[in-house]
> 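The structure's right below; bear with me while I get my questions together.
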Amino acid sequence: MDKIIMKTPLVEMDGDEMTRILWQMIKDELLLPYIELNTEYYDLGLKSRNDTDDRITVDSANATKKYGVAVKCATITPNAARMSEYDLKKMWKSPNGTIRSILNGTVFRTPIIVKGIEPCVKNWKEPITIARHAYGDVYSNSEMLIEKSGKAELVFTDKDGNEQRELIHEFDDEGGIIQGIHNVTPSIESFARSCFNYALDQKKDLWFGAKDTISKKYDHHFKDIFSEIFEKEYKEKFEEAGIEYFYSLIDDIVARIMKSNGGMIWACKNYDGDVMSDMISSAFGSLAMMTSVLVSPDGVYEYEAAHGTVQRHYYKHLKGEETSTNSVATIFAWTGALRKRGELDDIPELVRFASKLERSVIETIESGRMTKDLANITNNDEIITLSSLDFIKAVRKTLDTYI
Ligand code: NAP
Ligand code: MG
């Protein structure tokens with residue numbers, strides 16, 4: 001068989017620990033035999049980030065801007081323990097945070113559904129994708145603990161020195177708490193555009209909920225921005241694609257999601273997204289089956305797995321012990337990126353390859369061959385638990401029946 005030829009390079013961001021081991025296995029077994037892989041390689045492993053004073057992370061994000069598509073392996077976000085483990089010059093920032101702020105994007109997380117691992121919510125037949133607005137609100141707040149009586153006010157002084165005041169509360173000696181939060185219009189606009197673009201890309205309905213009846217300025221601003229951008233820029237495109245934008249109060253959205261069959265993209269304000277993404281991933285079964293894609297408002301895509309570097313398994317691997325680490329989300333990061341590259345460069349064989357590989361992964365698991373994390377939660381009783389490498393080899397065997 002001739003290998004598939006790529007045109008534009010795909011930005012490849014390598015990473016750390018067990019996922020770095022899986023990364024190489026996936027390339028060797030599932031990609032290089034079938035594709036003339038054309039990647040621009042950036043090593044975001046912690047050692048390389050430390051050696052380059054984290055320049056490599058910034059370079060990889062800029063390359064993603066230039067070429068439009070990246071695939072990323074999970075990386076360590078350093079903490080105190082990592083400082084000594086890797087003898088770091090500095091506690092480097094989270095690479096995902098750095099990349100996200102350069103691309104100004106929104107993260108969409110989607111579970112991978114297989115038969116035998118059923119969501120806790122019986123009527124969820126299709127995956128639910130969560131989009132979290134990752135700026136502001138309670139995540140960059142200022143707070144006060146109040147311990148005697150007094151008046152709390154919200155004061156805004158504009159650049160000309162004019163003051164705008166709003167009473168928050170008159171406290172008595174019993175005291176209480178106050179919190180100041182903010183958001184900025186351009187960030188909400190980017191979030192809205194990323195969500196509308198991704199809904200079109202995926203041909204799925206977009207749902208958004210906020211509490212505009214109670215929060216008549218703050219949450220209402222989110223609602224208005226989404227609605228204005230939709231009317232002006234997306235309404236016709238949504239009609240053509242046969243998809244819908246649906247806004248409702250956040251509590252109504254939650255109630256409807258529980259009763260739905262899934263299949264929608266759910267745009268969430270920062271805190272709602274933090275909470276709901278954990279609920280969705282645990283309800284669908286496993287963090288190891290969750291994909292993640294960062295989409296910028298101008299249509300740049302970075303694909304990755306939602307889980308981390310699986311440190312505990314890596315230490316076992318270093319001791320020479322066999323691991324059974326799930327590579328599914330990392331494989332899907334590659335297929336997502338390759339499919340997108342194929343669509344942008346008009347290479348139908350590459351798009352078809354991505355779909356065949358995804359189907360092979362799902363079929364392999366549904367035939368009972370899976371890693372230990374899935375073996376622990378499946379309701380399929382005839383299963384074979386495989387090691388990290390044997391699972392990838394089993395997927396390759398299935399894939400070869402399609403090629
Ligand atoms: P983690 O790597 O996601 O792993 C937490 C636990 O979840 C594992 O110990 C394992 O449970 C299970 N697990 C996760 N992915 C799995 C997989 N593919 N196959 C099988 N089991 C899996 O989270 P963490 O241990 O909190 O973080 C480790 C490192 O990852 C940290 O340095 C953190 O900074 C980094 N991290 C990176 C990203 C990213 O790059 N996007 C995201 C999150 C965390 P058992 O041990 O019980 O088997
Ligand atoms: Mg959370």
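Whatever order the structure lists ligands and atoms in, that order sets their numbers, starting from 1. These figures come from a predicted structure and were not determined experimentally.
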> Looking only at heavy atoms of Lys372, does any of them come nearer than 4.0 Å to an atom of ligand 1?
no

> Quick check: does Val310 get an N/O under 3.5 Å from an N/O on ligand 1?
yes

> When you measure from the centre of the six-membered ring of Phe353, is the NZ or CZ of Lys356 under 6.0 Å away and within 45° of the axis?
no

> Can the positive tip of Lys47 be found less than 6.0 Å from the middle of the six-membered ring of Tyr86, inside 45° of the ring normal?
no

> Counting both backbone and side chain atoms, is some N or O of Thr325 under 3.5 Å from an N or O of ligand 1?
no

> Hey, do the aromatic rings of Tyr245 and Phe196 have their centres closer than 6.0 Å?
yes

> So, is the end of the Arg359 side chain (NZ or CZ) under 6.0 Å from the ring centre of Tyr402 and within 45° of the ring's axis?
yes

> Salt bridge between Asp298 and Arg193, side-chain N to carboxylate O under 4.0 Å?
no

> Which atoms from ligand 1 have a heavy atom of Glu304 less than 4.0 Å away?
41 (N)

> With heavy atoms of Ala74 as the reference, note each atom of ligand 1 found under 4.0 Å away.
40 (O)

> Please check if any side-chain donor atom of Thr75 sits under 3.5 Å from a side-chain acceptor atom of Lys72, or the reverse.
yes

> When you measure from atom 6 (C) of ligand 1 to the protein, is at least one non-hydrogen atom found at a distance under 4.0 Å?
no

> Flag the pair Lys204 and Glu126 as a salt bridge only when some basic side-chain nitrogen lies within less than 4.0 angstrom of an acidic carboxylate oxygen.
no

> Protein non-hydrogen atoms only, distance under 4.0 Å: does atom 24 (P) of ligand 1 have such a neighbour?
no

> Should Gly308 be counted as touching ligand 1, given the test is an N or O pair under 3.5 Å?
yes

> Looking only at distances, please establish whether an N/O atom of ligand 1 is found under 3.5 Å from an N/O atom of Asn96.
yes

> Starting at CD1 of Ile362, measure out to CG of Leu357 and round the result to the nearest 0.5 Å.
10.0 Å

> Which ligand 1 atoms does Ala288 reach within 4.0 Å, using its non-hydrogen atoms?
16 (C), 17 (C), 18 (N), 19 (N)

> Is the gap between the ring centers of Tyr135 and His182 under 6.0 Å?
yes

> Is it the case that ligand 1 has an N or O less than 3.5 angstrom from some N or O of Glu17?
no

> Check this for me - ligand 1, Thr77, N or O atoms closer than 3.5 angstrom, yes or no?
yes

> Should Thr75 be counted as touching ligand 1, given the test is an N or O pair under 3.5 Å?
yes

> Of all the atoms in ligand 1, which lie at a distance below 4.0 Å from a heavy atom belonging to Lys72?
40 (O)

> Using a 4.0 Å heavy-atom cut-off, say whether Thr19 meets ligand 1 through its side chain, its backbone, both or neither.
neither

> Ignoring hydrogens, tell whether any protein atom lies closer than 4.0 Å to atom 1 (P) of ligand 1; use the non-hydrogen atoms only.
yes

> Salt bridge or not for Lys340 and Glu343, using N-O below 4.0 Å?
yes

> Quick check on His313 - does any of its heavy atoms sit under 4.0 Å from an atom of ligand 1?
yes

